[in-house]
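If you're wondering where the values come from, they're calculated on a predicted model, not measured in any experiment. Quick note on labels: first sequence line is chain A, next is B, and so on, each numbered from 1.
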There are 2 protein chains.
Amino acid sequence: MPRNRPYAGLPAREVALIGRLTQQRANVLKALMAVEGFVGAQALHSRMADDGSPVGLTTVYRTLNAFADAGRADVVRDDNGERLFRYRPGPDHRHYLVCTACGLSMPVDSGPVEDWVEKTARTSGFANVRHTVELAGLCPDCTQEQAPAR
Amino acid sequence: MPRNRPYAGLPAREVALIGRLTQQRANVLKALMAVEGFVGAQALHSRMADDGSPVGLTTVYRTLNAFADAGRADVVRDDNGERLFRYRPGPDHRHYLVCTACGLSMPVDSGPVEDWVEKTARTSGFANVRHTVELAGLCPDCTQEQAPAR
DNA sequence: GTTGAAGTGATAATCATTTTCATCTAGCTT
DNA sequence: AAGCTAGATGAAAATGATTATCACTTCAAC
């Protein structure tokens, strides 16, 4: 393993966003990018340990937060208040339908909401309007697994 | 103070929703209804203590959760992950534009979002889709106070 | 290579929320 | 009116995610 290319394989634009280049951060980012949907910091931490890239939980939190601050990750909260992160390849603003059971996330066409938000902000007299839109439910697979079980 | 009418002054329809009628619950509900915008459980708890209606923090949490479960309170999460509650007079589902500076909340016409959510849920194959829509910004008053200040 | 600022991570601290559990009470039943 | 008991209360402890500490390590500029 190349000792001095910790960020090998990562998109170049990600590197500049989070400060110094270290092996740990590279691993956290790779792990985050490898996940399909949203992941919690703890889940990512133990997943990395299982994959042979153990990193301190503190570092996972720090890197994830830095990445979210840089706008390269979406953050949602699940019902327990836990923050879930998701890698965002592009700079575009998206909304997702997240499965509460398996974490699978499906991008949804949020055009209508964006329009509504924009119009509402304009007519309200409020400045600097930010919006949070979260959809959560049971994905088809998890619905099947659950229904016959009872 | 009437010892045997703890729910005096509360809308009758609220009574049936939360089980047994106790002085403490009545006080929590009255306190919640007296608040303009959203309140956290802790804030409500200390506000009640200041007002001379001390109630255990546990009971505040329990009552607030029961009320939210019954659909009579809206719940949002602030940036710290704290849950904020707001009394909802009618049974209708509303969304609000909340001022980040003063907490003022203004109901917005959420019809378009509801439609969009419903359509998205229907076409996604997901079951049991819940949605969270939060708008936050600076209300006109706070905008004025802030702009000239710098 | 030296050096200093930045990063790491085990551990402890925080903080909102939930559990526990011994005690109390609303609101029937007799 | 007294008794009964499931439901309610609340102080204290537990939980669980996240953040702060701090001694130690490492990146990367010189």
Side-chain angles (χ1 to χ4, degrees), chain A residues 1-8 10 14-32 38-49 53-70 73 75-85 103, chain B residues 1-8 10 14-29 31-32 38-49 53-70 73 75-85:
Chain A
M1 182 169 291
R3 279 238 313 280
N4 35 9
R5 288 195 298 139
Y7 278 64
L10 286 176
E14 316 297 5
V15 174
L17 291 171
I18 52 175
R20 206 130 98 188
L21 285 60
T22 67
Q23 185 69 55
Q24 289 93 327
R25 287 185 180 171
N27 289 341
V28 172
L29 296 189
K30 283 178 193 162
L32 178 63
F38 284 87
V39 231
Q42 319 242 12
L44 196 63
H45 175 252
S46 64
R47 181 182 298 228
M48 291 179 69
S53 308
V55 169
L57 181 56
T58 307
T59 297
V60 175
Y61 273 108
R62 265 193 298 240
T63 307
L64 249 24
N65 280 335
F67 215 50
D69 287 347
V75 185
V76 300
R77 276 190 199 272
D78 67 9
D79 291 337
N80 304 319
E82 186 178 352
R83 281 153 46 114
L84 305 180
F85 298 81
Chain B
M1 185 169 290
R3 279 239 312 280
N4 35 7
R5 289 195 297 139
Y7 278 64
L10 288 176
E14 315 298 3
V15 175
L17 290 171
I18 50 175
R20 203 130 97 188
L21 286 59
T22 67
Q23 186 69 56
Q24 290 92 328
R25 286 184 182 171
N27 290 340
V28 173
L29 297 188
L32 178 64
F38 285 87
V39 229
Q42 319 242 12
L44 196 63
H45 174 252
S46 63
R47 179 181 301 228
M48 292 179 69
S53 309
V55 169
L57 182 56
T58 308
T59 297
V60 175
Y61 273 108
R62 265 192 298 239
T63 306
L64 249 23
N65 280 336
F67 215 48
D69 287 347
V75 186
V76 302
R77 272 189 201 275
D78 68 9
D79 292 337
N80 306 318
E82 186 178 353
R83 280 152 47 110
L84 305 179
F85 299 81

Any sub-3.5 Å donor-acceptor pair from [X]'s side-chain atoms to [Y]'s backbone N or O?
{"X": "R25(A)", "Y": "T63(A)", "value": "no"}
{"X": "N80(B)", "Y": "E82(B)", "value": "no"}
{"X": "H45(B)", "Y": "V55(B)", "value": "yes"}

What's the [atom1]-[atom2] distance between [X] and [N], to the nearest Å?
{"X": "Y61(A)", "N": "dA10(C)", "atom1": "OH", "atom2": "C1'", "answer": "15 Å"}
{"X": "L21(A)", "N": "dA29(D)", "atom1": "CG", "atom2": "P", "answer": "10 Å"}
{"X": "H45(A)", "N": "dT8(C)", "atom1": "NE2", "atom2": "C1'", "answer": "12 Å"}
{"X": "R25(A)", "N": "dT26(D)", "atom1": "CZ", "atom2": "C1'", "answer": "12 Å"}
{"X": "L64(B)", "N": "dT18(C)", "atom1": "CG", "atom2": "P", "answer": "10 Å"}
{"X": "L57(A)", "N": "dA10(C)", "atom1": "CG", "atom2": "C1'", "answer": "11 Å"}
{"X": "D79(B)", "N": "dC15(C)", "atom1": "CG", "atom2": "C1'", "answer": "16 Å"}
{"X": "Q42(A)", "N": "dT19(D)", "atom1": "CD", "atom2": "P", "answer": "11 Å"}

Query raised in the report: Choosing from dA17(D), dA16(C), dT8(C), which nucleotide comes nearest the side chain of T59(A)?
Result: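 That would be dT8(C).
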Query - From dT19(D), dC27(D), dA8(D), nucleotide with atom closest to R20(A) side chain - result: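 Taking heavy atoms from C-beta onward, the closest nucleotide is dC27(D).
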Classify the side chain of [X] and the base of [N] as holding, or not holding, a donor-acceptor pair under 3.5 Å.
{"X": "T58(A)", "N": "dA10(C)", "answer": "yes"}
{"X": "R83(A)", "N": "dT18(D)", "answer": "no"}
{"X": "R62(A)", "N": "dG9(C)", "answer": "yes"}

Report task. Given side chain to side chain contact (heavy atoms under 4.5 Å, CB included), test Q42(B) with Y61(B) step by step and report yes or no. Result -> CA-CA 8 Å; Q42(B) 319 242 12; Y61(B) 273 108; 3.1 Å; yes
Requested in this report: Check step by step if side chain to side chain contact (heavy atoms under 4.5 Å, CB included) holds for N65(B) and R83(B).
Outcome: CA-CA 10 Å; N65(B) 280 336; R83(B) 280 152 47 110; 2.4 Å; yes
Query raised in the report: Would one find a side-chain N or O of Q24(B) under 4.0 angstrom from OP1 or OP2 of dG10(D)?
Result: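 So the side-chain polar atoms of Q24(B) do come within 4.0 Å of the phosphate oxygens OP1 or OP2 of dG10(D), strictly under.
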Requested in this report: Report which part of the nucleic acid N80(B) touches: base, sugar-phosphate, or nothing (heavy-atom distance under 4.0 Å, all strands).
Outcome: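 N80(B): no heavy atom of the nucleic acid under 4.0 Å.
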